[in-house]
Amino acid sequence: MSTQQGQDAKFFQRGKIEEFRAELQAAEAKDKKYQKRKTVLKKIVANITMGNDMSPLFHDIIQCIGTPLLEVKKMVYLFLVSYGRSKPDQIHLVIPSFLQDCNDRNPLIRALAIRTMSYIPIPVVTESLSDQLRHCLKDRDPYVRKTAAICVAKVYTADPRKAERKGFVELLRDMLIDDNATVVANAVAALSEIGDRQDGVIFKLNLTIANRLLAALGESSEWGQIYILDSLLRYVPEHHSDAEMMAERVIVQLQHANSAVVLTSIKALLYLMNYMENRRLIDYICRKMGPPLVTLLSSGPEVQYVALRNILLIIQRRPTVLKNDVKAFFCKYNDPIYVKLAKLEIMYRLAREENAREVLAELEEYASEVDVDFVRKAVRSIGRLAIKVEPAADKCIESLLKLIETKVTYVVQEAVIVTKDIFRRYPGKYEGIIPTLCENLDALDEPEAKAAMVWILGQFADRIENVDELLDDLVYNFLDEPAEVQLALLTAVVKLFIYKAQAEVTKALVHKVLKWATEDIDNPDLRDRGFMYWRMLAMNPSVAAEIVLAEKPAITTDSDRMDRGALDQLLLHTGTLGSIYHKNPETFIRNAAGRELVDSPALNANSRAVLVSLTRPQLPSTAISVQGPGPIEPTRPSPQPDEVANKTPQPILVESTRSDERDLLDVDGDDGAGGDSGDGYPDGDDDVAVVKAADPYAELGGAFGGYMTDAPQPVKGGGSRSGDLDDLLF
């Protein structure tokens, strides 16, 4: 094979159209074994590969389509695939040859012809393809059948409604029980591609077909196994025993050498575990999933990164999968930076009291590395570890103090940022390190670090002796600071004033900052906060003190966790781009259909409580006209004049021209008769109530009472202004 590739390398040279045309014409004279013709076609295909336009040779190339040599026919068809759609006025010349090859004795030629036709989405070609494709789907040779199955997906992409009318989807469904595993895998692949379209048919499996697909796993190729395992997510178990039985058959695939098969198997197992009740089996599956995931980390960096991003999702949903394997995620010296950062996040997720000492020691090593981004992430992970694992907080604080002593600017700034969160997590416990932080105040030049230090100064203004001097220095460049720092300074100065309201320096400082915030700043958030603080301090300082200095609840690590319902939905895309981006594919791939857990009697109660329903595609805004007489619409009785005069005005309802929309609104089909249809919605004249219930903004016009939006509101009951402030804030 390598010798043949070396010989073909000479064809990759830019050629001229006229030269190729002359060589093709010369080959027609004396070329009994078609060697000259094959050589010229290789040069042309090589130029197509290099990006050169060979379309002017279209008429000359199609003259070679009748050549009986398979290698020549392949190159001619490859040319037609490349330029067939750009020659709609000449493509009809090759259709007779297509039809002839579809009935050839050689199954390779039959498959080649049907595949080439499906790659040319031109009406004249697809019209000729329909009958031939139906025959090839029932061909005696499995190679032709498996090729025809993929062709159905191509035809469906070109014209979905025509493919449905011709019955190709039903023929694909029948191929799921084919005797050949490759045919079954290709049929599953085609149906999956069709079902993943928003306008495609819904592809679902029942228990019988799912078992047939699992039986074909052993004889399928790696790609076939991936498609079959992925299709199991389209089966909704009705009983716990069904899901448990299928999971036991899928576990075997975790030993596969292909990483894609392993990840797809894990995806199927995670899906089926939502429909199980046997805790012992669930724990057994979790233990079985750990070693294959760790094995993926011995692959190349790209595969490692894909595995790490998937592991990050899996351990949030099933923490027991890798709870004892945190050492497997310790960084190596030659790991790329994106792999190191992904491993750091997983180390933090797996950290607990039993392994916190090992994780902390490893993070301290990383904090002395050369890569700045990696060091920042390591220092921040030390702070997050202190917040997550309370017994390890003392050791983490000691590590942060050692890092601050290094005087490395970016290390000190990250340490200050995480120390602020530690203060919020453990109020009144580690204030003794505040003097050390204040000594490094001049080293802070990044907005996030400076804002964190300002928050510390304001929060502990009653315990820092020279806090007024420190804040006065920081306020000097108030107008030039980023909005994040300005907001922190404003709040800190107000806290200082509350603590030391009698000091003249403090009064001057807070007056200066409030004046800047309300008069010289364009940021609306900053201006609003400045006005609010000023009004509160002027009206009732004691109330302002209670609000600003109110004890806040300690922070937790719950915010680090993904929403359970969104996580369950995202795990349905394990091993895909969605699991790498941590986004559902429909958010970044056009026309991609989303996935969701489907409710059934076997679904776990916890999973049912957080089900995420996909939004259905909206109906087109324009009316759809269908040829033909259509159904006879029942007419409403016209109201009498007296009824019209006495009837109160109602909102205007736009009546849809789509019969299916009318069916959704009129379940009984009586179209206006009184009474209740039993579906929870009233009928007849109460249709308006249905619309109002569906539209939450129907009564928005009276939401503000009789006042204008910007008009001043009167003081209620003549009470004190401080009482009105309480009503406003609480």
Side-chain angles (χ1 to χ4, degrees), residues 17 20 24 37 41-42 44-104 106-137 139 143-169 171-172 186-187 189-191 193-194 197 199-200 591:
I17 299 294
F20 291 147
L24 284 173
R37 195 170 299 182
L41 288 172
K42 284 185 177 181
I44 295 173
V45 171
N47 274 264
I48 295 174
T49 306
M50 292 188 294
N52 301 327
D53 184 18
M54 296 285 110
S55 59
L57 294 173
F58 186 88
H59 188 73
D60 301 280
I61 295 293
I62 63 176
Q63 302 298 326
C64 306
I65 198 171
T67 304
L69 191 63
L70 180 61
E71 191 172 359
V72 172
K73 196 175 288 289
K74 284 183 178 180
M75 289 187 284
V76 173
Y77 279 163
L78 182 60
F79 181 92
L80 292 174
V81 169
S82 301
Y83 298 111
R85 67 178 63 190
S86 63
K87 300 287 185 179
D89 54 336
Q90 301 182 33
I91 196 65
H92 67 278
L93 299 175
V94 297
I95 289 180
S97 300
F98 279 145
L99 300 179
Q100 182 179 353
D101 288 346
C102 287
N103 298 301
D104 196 275
N106 190 341
L108 296 178
I109 294 180
R110 296 202 300 272
L112 185 62
I114 203 73
R115 180 172 56 192
T116 304
M117 293 179 73
S118 66
Y119 272 88
I120 306 176
I122 296 177
V124 65
V125 178
T126 55
E127 189 65 34
S128 303
L129 172 65
S130 300
D131 293 336
Q132 301 300 327
L133 181 57
R134 182 176 289 102
H135 292 311
C136 289
L137 287 170
D139 197 278
Y143 182 82
V144 180
R145 296 201 302 274
K146 68 105 175 174
T147 305
I150 298 297
C151 292
V152 172
K154 300 296 180 183
V155 172
Y156 196 95
T157 302
D159 191 348
R161 304 290 82 83
K162 182 177 180 180
E164 293 174 4
R165 290 196 303 269
K166 295 289 186 179
F168 292 142
V169 178
L171 292 173
L172 272 182
N186 280 27
L191 285 171
E193 183 176 341
I194 294 172
R197 295 168 54 97
D199 59 347
N591 295 330

Distance, nearest 0.5 Å, that separates CG of D159 from CD of E127
9.5 Å
Does the side-chain contact (heavy atoms from CB on, under 4.5 Å) test come out yes or no for T67 and K73, once each step is laid out?
CA-CA 7 Å; T67 304; K73 196 175 288 289; 6.0 Å; no
Atom OG of S130 and atom NZ of K162: how far apart are they, to the nearest 0.5 Å?
4.5 Å
Could you please spell out the steps behind the side-chain contact (heavy atoms from CB on, under 4.5 Å) verdict for M117 and C102?
CA-CA 10 Å; M117 293 179 73; C102 287; 4.1 Å; yes
pair L172-I194: side-chain heavy atoms closer than 4.5 Å
yes
Side-chain heavy atoms of Y83 within contact of I61, under 4.5 Å:
no
Closest heavy-atom pair, I65 versus I62, reported as atoms and distance to 0.1 Å, is CG2-O, 3.2 Å
Are P121 and T157 side-chain neighbours, meaning at least one heavy-atom pair lies under 4.5 Å?
no
Take atom OH of Y119 as the centre, draw a 6.0 Å sphere, and report whether it contains more than 12 heavy atoms from other residues, nucleotides or ligands.
no
Neighbour count above 12 (heavy atom, 6.0 Å) for K74 NZ:
no
Distance from D89 atom CG to F58 atom CZ, nearest 0.5 Å?
8.5 Å
Using atom types as modelled and distance alone, determine if a side-chain donor or acceptor of R85 lies under 3.5 Å from a backbone N or O of I120.
no
Give the C-alpha distance, both sets of side-chain angles, the deciding distance and a yes or no for side-chain contact (heavy atoms from CB on, under 4.5 Å) between D101 and N106.
CA-CA 9 Å; D101 288 346; N106 190 341; over 6 Å; no
A149 and A190: which non-hydrogen atoms are nearest, and at how many Å?
O-CB, 3.2 Å
Looking at P88 and I91, what are the two nearest heavy atoms and their distance?
O-CG2, 3.6 Å
Which pair of heavy atoms, one from S55 and one from F79, lies closest together, and at what distance?
CA-CZ, 4.3 Å
Non-neighbouring partners of K146 that pass side-chain hydrogen bond (donor to acceptor under 3.5 Å, both in side chains), sequence neighbours left out:
none
Evaluate the side-chain proximity of Q63 to R37: yes if any heavy-atom separation is below 4.5 Å, no if none is.
no
Could you list the residues that satisfy side-chain hydrogen bond (donor to acceptor under 3.5 Å, both in side chains) with Y156, not counting sequence neighbours?
R161, E164
R110 and D104: which non-hydrogen atoms are nearest, and at how many Å?
NH1-O, 2.8 Å
Which pair of heavy atoms, one from V155 and one from A163, lies closest together, and at what distance?
CG1-CB, 4.3 Å
Before giving the answer on side-chain contact (heavy atoms from CB on, under 4.5 Å), spell out for L78 and I48 the whole-Å C-alpha distance, their side-chain angles and the decisive distance to 0.1 Å.
CA-CA 10 Å; L78 182 60; I48 295 174; over 6 Å; no
To the nearest 0.5 Å, tell me how far Q132 CD sits from C151 SG.
12.0 Å
Other residues, nucleotides and ligands only: do more than 12 of their heavy atoms fall within 6.0 Å of CD on Q100?
no
Rounded at 0.5 Å granularity, tell me how far CG in L80 sits from CZ in F98.
5.0 Å
Taking the side chain as every heavy atom from C-beta outward, state whether V152 and L133 have any atom pair closer than 4.5 Å.
yes
Nearest 0.5 angstrom please: K154 NZ to I114 CD1, how far?
14.0 Å
Is any side-chain heavy atom of F168 closer than 4.5 Å to one of L137?
yes
When you compare the side chain of I150 with that of R115, does any pair of heavy atoms fall below 4.5 Å?
no
